[in-house]
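The first residue in the sequence is number 1, and the count goes up from there.
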Amino acid sequence: MFKINEHYLKLPGSYLFSTIGKKVAAYTAANPDRSIIRLGIGDVTQPLAPAIIESLHSAVDEMAHRETFHGYAPDLGYEFLRSAMAKHDYQARGCDISADEVFISDGAKCDSGNIQEIFSTENRIAVCDPVYPVYVDTNVMAGRTGTYDPDRGIWSNVIYMPCTAETDFAPELPKERPDLIYLCFPNNPTGSTITKPRLQEWVDYANREGAVIIYDAAYEAYISEEDVPHTIYECEGARACAIELRSFSKNAGFTGVRLGAVIIPKELKCGDVTLHSLWARRHGTKYNGAPYIVQRAGEAVYSEAGKAQLAEQIAYYMNNARVILEGLNNAGYSVSGGINAPYIWLKTPKNMTSWEFFDYLLEKAGVVGTPGSGFGPSGEGYFRLTAFGSYENTVAAIERIRKI
Ligand SMILES: *Cc1c(COP(=O)(O)O)cnc(C)c1O
């Protein structure tokens, strides 16, 4: 008789967003006349920029002719996209990353979930708390996290780094020694970020302790402040300890198109073995690449027209963030984030739990957000709103919240 991967059975409850979906569906069924405004899930709403659409169209046309048809993409991605990323995302910022250290993929969720495969199951992971659930859950599936304590909402073999108002929503160096450290800045869900000197401390720590940092830079494009690093490779020594994850989802609206990348510098080694060689082996063995047409669309992100159009898109979302931030501030809420990220993190009023506030906001205002406790125990008492809605809906939602 076959056996299943029993680690899957350890995963608690259902995924955060499916619980939210069920609650909203139940509310809508009971109150069919109320309009609901969703400021919850982290999906973009603006259509793809014209430069990207144009590039997609012309790539589709290429596929129609024998001479320009493309079959399987190269394992690690097309040279044109790897070069564009190395040049624009790294070399232009003075970071020493070359095209052959870029691995093109179909998005950062898969990459952030899959990257743990190249490490021993004996490694201990450290995560921020609250955190993007993918990092923890995929390590649960791999059997790296020990046992779950349902009362405290924590795993016995995970090092949690609380990110609360006291730490300015950034993690402090852990007291126990981790092997893999997941960091994400600008952060989902708190919208917080980290200054370059503080990120440098993490790089120095990882190099000193022999740990690897897995740095999720999915929200890099939202950075508006000067002293916030756009990539971990701005820090000295990061080539020896950091893997960076990039996504085209939030900067260019590719959530339904799918494109991302992993950066693994060749200096990142365990003894003689480069992590680069392991990830290349993995790609070659069980990944057949992001589609040609999508990689061409990704290339357009770096064109002059693409850059200008995407800057406008991000400004649109960040104007929503400003509306939420100012509106809630004026209404007396304690809020953070929303300056370098499309997420606003607010303290629930009157000591409500995150789920109590979820129900309260849904009932009283018809506004859907995300309970902070869904991202980890230190998220309890917090709530996430996102700037990804339309301007009109965002303004309406904040009006409704102010009125209650
Ligand atoms: C949205 C998001 C991603 C991007 O995921 P894709 O698979 O590229 O769409 C990655 N990390 C975090 C923290 C995110 O919020």
Side-chain angles (χ1 to χ4, degrees), residues 49 51 76-105 108 111-112 170 181-188 191-207 212-252 254 259-268 275-276 295 298-315 317-318 339-342:
L76 309 184
Y78 282 102
E79 187 59 32
F80 62 79
L81 183 57
R82 302 173 84 196
S83 298
M85 291 190 79
K87 179 165 169 238
H88 294 272
D89 289 330
Y90 297 102
Q91 290 155 13
R93 297 191 180 282
C95 303
D96 174 22
I97 293 293
S98 59
D100 66 355
E101 294 173 320
V102 178
F103 297 79
I104 303 301
S105 73
D111 286 336
S112 64
I181 303 165
Y182 289 82
L183 295 178
C184 171
F185 291 108
N187 189 260
N188 175 13
S192 70
T193 190
I194 194 166
T195 60
K196 192 166 154 190
R198 283 193 73 184
L199 187 58
Q200 183 67 54
E201 285 174 25
W202 280 95
V203 169
D204 294 343
Y205 172 82
N207 277 325
V212 171
I213 297 174
I214 298 165
Y215 193 76
D216 187 338
Y219 295 96
E220 170 276 326
Y222 291 84
I223 293 171
S224 70
E225 291 180 319
E226 243 344 273
D227 61 345
V228 178
H230 286 254
T231 150
I232 196 167
Y233 304 114
E234 287 181 36
C235 296
E236 215 169 299
R239 283 184 54 84
C241 69
I243 292 174
E244 186 162 285
L245 310 176
R246 305 291 290 221
S247 167
F248 287 70
S249 287
K250 313 304 170 23
N251 63 330
F254 278 47
L259 191 63
V262 177
I263 315 302
I264 309 186
K266 292 187 172 161
E267 277 161 44
L268 189 38
L275 295 188
H276 186 282
Q295 294 194 47
E299 183 186 30
V301 166
Y302 299 98
S303 68
E304 284 312 311
K307 279 187 193 171
Q309 291 160 10
L310 293 174
E312 262 179 55
Q313 244 178 37
I314 286 176
Y317 292 131
M318 289 312 280
I339 305 283
N340 297 296

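Using a 4.5 Å heavy-atom threshold, the side chains of L199 and L183 count as touching. Q200 has its side chain within reach of V203: a pair of non-hydrogen atoms, C-beta onward, lies under 4.5 Å apart. No side-chain heavy atom of P265 sits less than 4.5 Å from a side-chain heavy atom of H276. I104 places a side-chain heavy atom less than 4.5 Å from the side chain of M85. Residues N251 and R246 fail the side-chain proximity criterion, which asks for heavy atoms closer than 4.5 Å.
Nearest heavy atoms, E79 versus A99: OE2-CB, 3.8 Å. Considering all non-hydrogen atoms of both residues, L268 and A242 come closest at CD2-O, 3.5 Å. Taking all atoms of both residues into account, the shortest heavy-atom contact from G77 to R82 is O-CD, 3.5 Å. Minimum interatomic distance between S249 and S247 (heavy atoms only, all atoms of both residues): N-OG, 2.9 Å.
For the atom pair OH (Y302) and CG (L81), the distance works out to 6.5 Å, reported to the nearest 0.5 Å. Atom CD1 of I243 and atom CD1 of I264 lie 4.5 Å apart (nearest 0.5 Å). Atom CD1 in I223 sits 5.5 Å away from atom OG1 in T193 (nearest 0.5 Å). In this structure, the separation between CD on Q313 and OH on Y317 is 5.5 Å, given to the nearest 0.5 Å. We find the CG-OH distance between N187 and Y219 to be 9.0 Å, quoted to the nearest 0.5 Å. Note that OG of S83 and CG of D100 are 9.5 Å apart. Values are rounded to the nearest 0.5 Å.
N207 places no side-chain N or O within donor-acceptor distance of the main-chain N or O of D204, the cut-off being under 3.5 Å. Q295 places a side-chain N or O within donor-acceptor distance of the main-chain N or O of Y78, the cut-off being under 3.5 Å. At least one donor-acceptor pair under 3.5 Å links the side chain of Y233 to the backbone N or O of I263. Remark: the backbone N or O of S224 is paired with a side-chain donor or acceptor of N340 at under 3.5 angstrom. No donor-acceptor pair closer than 3.5 Å links the side chain of Y182 to the backbone N or O of D216. At least one donor-acceptor pair closer than 3.5 Å links the side chain of E101 to the backbone N or O of S98. No donor-acceptor distance shorter than 3.5 angstrom exists from the side chain of D111 to the backbone of S105, with no hydrogens or angles considered. Side chain of E220 to backbone of T231: no donor-acceptor contact under 3.5 angstrom is found. Counting only distance, with no hydrogens or angles, the side chain of Y222 and the backbone of K250 share a donor-acceptor pair below 3.5 Å. Using modelled atom types, no side-chain atom of H88 and backbone atom of V301 make a donor-acceptor pair closer than 3.5 Å.
For K87, the NZ atom counts as loosely surrounded, since its 6.0 Å shell holds 12 or fewer non-hydrogen atoms of other residues, nucleotides or ligands.
Evaluation of the salt bridge (charged side-chain N to carboxylate O under 4.0 Å, His left out) rule for E267 yields R239 as partners, not counting sequence neighbours. Judged as a ring-ring contact (aromatic ring centres under 6.0 Å, His included), and not counting sequence neighbours, F185 has no contacts.
Using a 3.5 Å distance cut-off with no hydrogens or angles, the side chains of Y90 and E244 do pair a donor with an acceptor.
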